[in-house]
*Asks:* 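The structure is given below, and queries will be raised subsequently.
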Amino acid sequence: MHRESLIPFLPAALAAVTDAVTVCVITAHQPDYPARAVVYQVVMLGAALLSAVPKKWVRIVGFVLLLAGVFVSMAIGLLYLPTFLAAVWVMTRDERPPVQPVQEGQGK
């Protein structure tokens with residue numbers, strides 16, 4: 001397995017780290033962990049995992065979910081900003097081979 005093949009999973013790894021930090025912070029300040037936070041974290045991790053799928057429309061759905069998640073809950077959502085930026089980076093990477101320019105005058 002090459003390192004290049006793991007790059008699409010970078011947003012999911014960042015989301016997992018953000019989830020762990022969020023769990024530590026929330027449980028330090030309140031005894032019970034809210035169910036809404038668990039659902040929010042699962043959705044954000046799932047949206048980050050969608051950026052690893054090679055289909056463009058699935059990546060766009062993950063991008064929209066991450067963007068909405070950052071804005072829906074600003075208290076926790078801003079912690080997912082590095083995850084969102086990594087997802088944008090993964091989406092914009094161009095892995096297609098470069099197009100060879102056509103030379104005029106050849107064969108005329």
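None of the values given here were measured: they were computed from a predicted structure. Heads up: numbering here begins at 1 and tracks the sequence.
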*Asks:* Honestly curious: do Leu81 and Met44 fall in one hydrophobic cluster under the side-chain, below-4.5 Å linking rule?
*Replies:*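 Yes; tracing contacts between hydrophobic side chains, which count when under 4.5 Å, links both residues.
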
*Asks:* Applying the 4.5 Å side-chain criterion to the ILVMFWY set and letting contacts propagate, would Phe63 and Trp57 be lumped into a single cluster?
*Replies:*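 Different clusters: Phe63 never reaches Trp57 through Ile, Leu, Val, Met, Phe, Trp or Tyr contacts under 4.5 Å.
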
*Asks:* Is it the case that one hydrophobic cluster holds both Leu50 and Leu67, taking links as side-chain heavy atoms less than 4.5 Å apart, direct or via other members?
*Replies:* no

*Asks:* In this structure, would Phe9 and Val90 fall into the same cluster of hydrophobic residues linked by side-chain contacts under 4.5 Å?
*Replies:* no

*Asks:* Is the closest side-chain heavy-atom distance between Pro34 and Ile26 below 4.5 Å?
*Replies:*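 Side chain of Pro34 against side chain of Ile26, heavy atoms only: contact under 4.5 Å found.
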
*Asks:* Does Leu79 form a side chain to side chain contact (heavy atoms under 4.5 Å, CB included) with Val21? I'd like the steps, not just the answer.
*Replies:* CA-CA 9 Å; Leu79 295 173; Val21 169; 5.5 Å; no

*Asks:* Treat each ILVMFWY residue as a node, draw an edge where side-chain heavy atoms are under 4.5 Å apart, and state whether Val64 and Leu85 are in one component.
*Replies:* yes

*Asks:* Let me confirm one number: the CD1-CH2 distance from Ile7 to Trp89, rounded to the nearest 0.5 Å.
*Replies:* 4.5 Å

*Asks:* Does Gln41 reach the side chain of Val23, with side-chain heavy atoms less than 4.5 Å apart?
*Replies:*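 Counting from C-beta outward, Gln41 and Val23 do come under 4.5 Å.
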
*Asks:* Indicate the atoms forming the closest heavy-atom contact of Ala16 with Leu45, along with that distance.
*Replies:*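 For Ala16 and Leu45, the tightest heavy-atom pair comes out as N-CD1, 4.0 Å.
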
*Asks:* Backbone N or O of Gly69 within a donor-acceptor pair of the Tyr40 side chain at under 3.5 Å?
*Replies:* yes

*Asks:* Within the distance-only criterion (no hydrogens, no angle test), does the side chain of Arg59 pair as donor or acceptor with the backbone N or O of Ser51 below 3.5 angstrom?
*Replies:* yes

